Colleague: 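What follows is a structure written as C-alpha cells; I'll ask about it next.
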Amino acid sequence: MIATPDRTPLPREFFDRPVLEVAPELLGRILVRTTPDGPIALRLTEVEAYDGQNDPGSHAYRGRTPRNAVMFGAPGHVYVYFTYGMWHCMNLVCGPEGRAAAVLLRAGEIIEGAELARTRRLSARNDKELAKGPARLATALDVDRAQDGVDACTAGDTPLRMLTGTPVPSDQVRNGPRTGVSGEGAVHPWRFWVADDPTVSPYRAHVPRRRRT
DNA sequence: CTGATGATATACT
DNA sequence: GTATATCATCAGA
C-alpha cells in the first residue's frame, strides 16, 4: 500500500543544519506553490547542494551581492536567481544565518495542479518533463525574482511552502557530480536524486561556450 | 541519438 | 570584454 504524504510543514530547524545533511533529506518532500488559480504541488526528485563557505561553484563564494543576499539570511527561505538571460532557478537556504549555503531544486514530479503547470510549460511533451530541470521547475511553478526571499516555513498566506511529504529512504538516494559546474567545484558529488525516477533531469557535464562571432 | 546555436542578466576581469 | 547552478530548436547521423 502507498502511504499518504504528510502535509505538515517542514520546521525551520530542518533547514538549520549543514547543507550536505539537508539536501538528500529533501528528496520526496513536497513543495506547494499557491497561485491565484490554485495550488501546484511538486514532489522533489533531484537537488544539488551549494556551500558558500568553501565552494567555488556557489554564487555566494565571492561574497554578498544584490543577487545572492538572501543566501546570507535565515534558513528556510527561498533564493531565486535569474541566469543565462532567460531563466529562473530556485533554492532553499540552509544552515545558520551568515553561512550562505543553499540547495538548488533541480527536478520533481507535479502531483497536484498539473493543468496549471502545463499552461506555463507548453513545450513539455509529457507531464514528466514539466519540472525536469531547474529552470523548467521554476517555470512550471511560476517562480521568479518576485519570490526571492519568501519564507517557505511559515503557515500563513505564503506563496511557497515546504511540506514533510514522504522522505525517500537513504538506499534509494543516488549522488554524483553537479550539473554544469566548472573548475574545482565540479569534483564534489553534491547532486542527489531518487534512483530510477523518470522525472530526474539528464546529467550534462559543464562545457564552456565558444564566444559569438 | 548527438552537437551547435541563440536567448542575454548578472558578476567579474 | 568573458563566463555561467539552462533550455528549445534545429541539422545531421
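If you're wondering where the values come from, they're calculated on a predicted model, not measured in any experiment. Lettering follows sequence order; numbering is per chain, from 1.
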Colleague: Are A/Tyr84 and C/dT6 stacked, counting the six-membered base ring, centres under 5.5 Å, planes under 30°?
Modeller: yes
Colleague: Counting Watson-Crick and G-U wobble pairs only, both distances under 3.5 Å, name the nucleotide matched with C/dT2, or none.
Modeller: B/dA11
Colleague: How would you label the contact of A/Ser182 with the nucleic acid (heavy atoms, under 4.0 Å): base, sugar-phosphate, or nothing?
Modeller: sugar-phosphate
Colleague: As a quick check of understanding, evaluate ring-ring contact (aromatic ring centres under 6.0 Å, His included) for A/His59 and A/Tyr81, giving each step before the final call.
Modeller: CA-CA 10 Å; A/His59 284 168; A/Tyr81 66 88; 4.5 Å; yes
Colleague: Would you mind telling me which residue lines up with the more 5' stretch of DNA chain C, A/His206 or A/Arg136, judged by nearest nucleotide?
Modeller: A/His206
Colleague: At less than 3.5 Å, do the side-chain atoms of A/Tyr81 and the base atoms of B/dA9 form a donor-acceptor pair?
Modeller: no
Colleague: Using a strict threshold of under 4.0 Å (side-chain N to carboxylate O), is an ion pair present between A/Glu46 and A/Arg191?
Modeller: yes
Colleague: Could you tell me which nucleotide pairs with C/dA8 by Watson-Crick or G-U wobble geometry, both distances under 3.5 Å, or answer none if nothing does?
Modeller: B/dT5
Colleague: Find out whether A/Arg120 and A/Asp142 are in side-chain contact, i.e. whether some heavy atom of one side chain is under 4.5 Å from a heavy atom of the other.
Modeller: yes
Colleague: Heavy atoms only, 4.0 Å cut-off, all strands: where does A/Tyr50 land among base, sugar-phosphate and nothing?
Modeller: base
Colleague: May I ask you to say what A/Arg204 touches in the nucleic acid, namely base, sugar-phosphate or nothing, with a heavy-atom cut-off under 4.0 Å?
Modeller: nothing
Colleague: Going by heavy atoms closer than 4.0 Å, what residues in residues 53-68 of chain A are next to DNA chain C?
Modeller: A/Gly57, A/His59
Colleague: When you compare B/dG6 with C/dG1, how far apart are their P atoms, in angstrom units rounded to a whole number?
Modeller: 16 Å
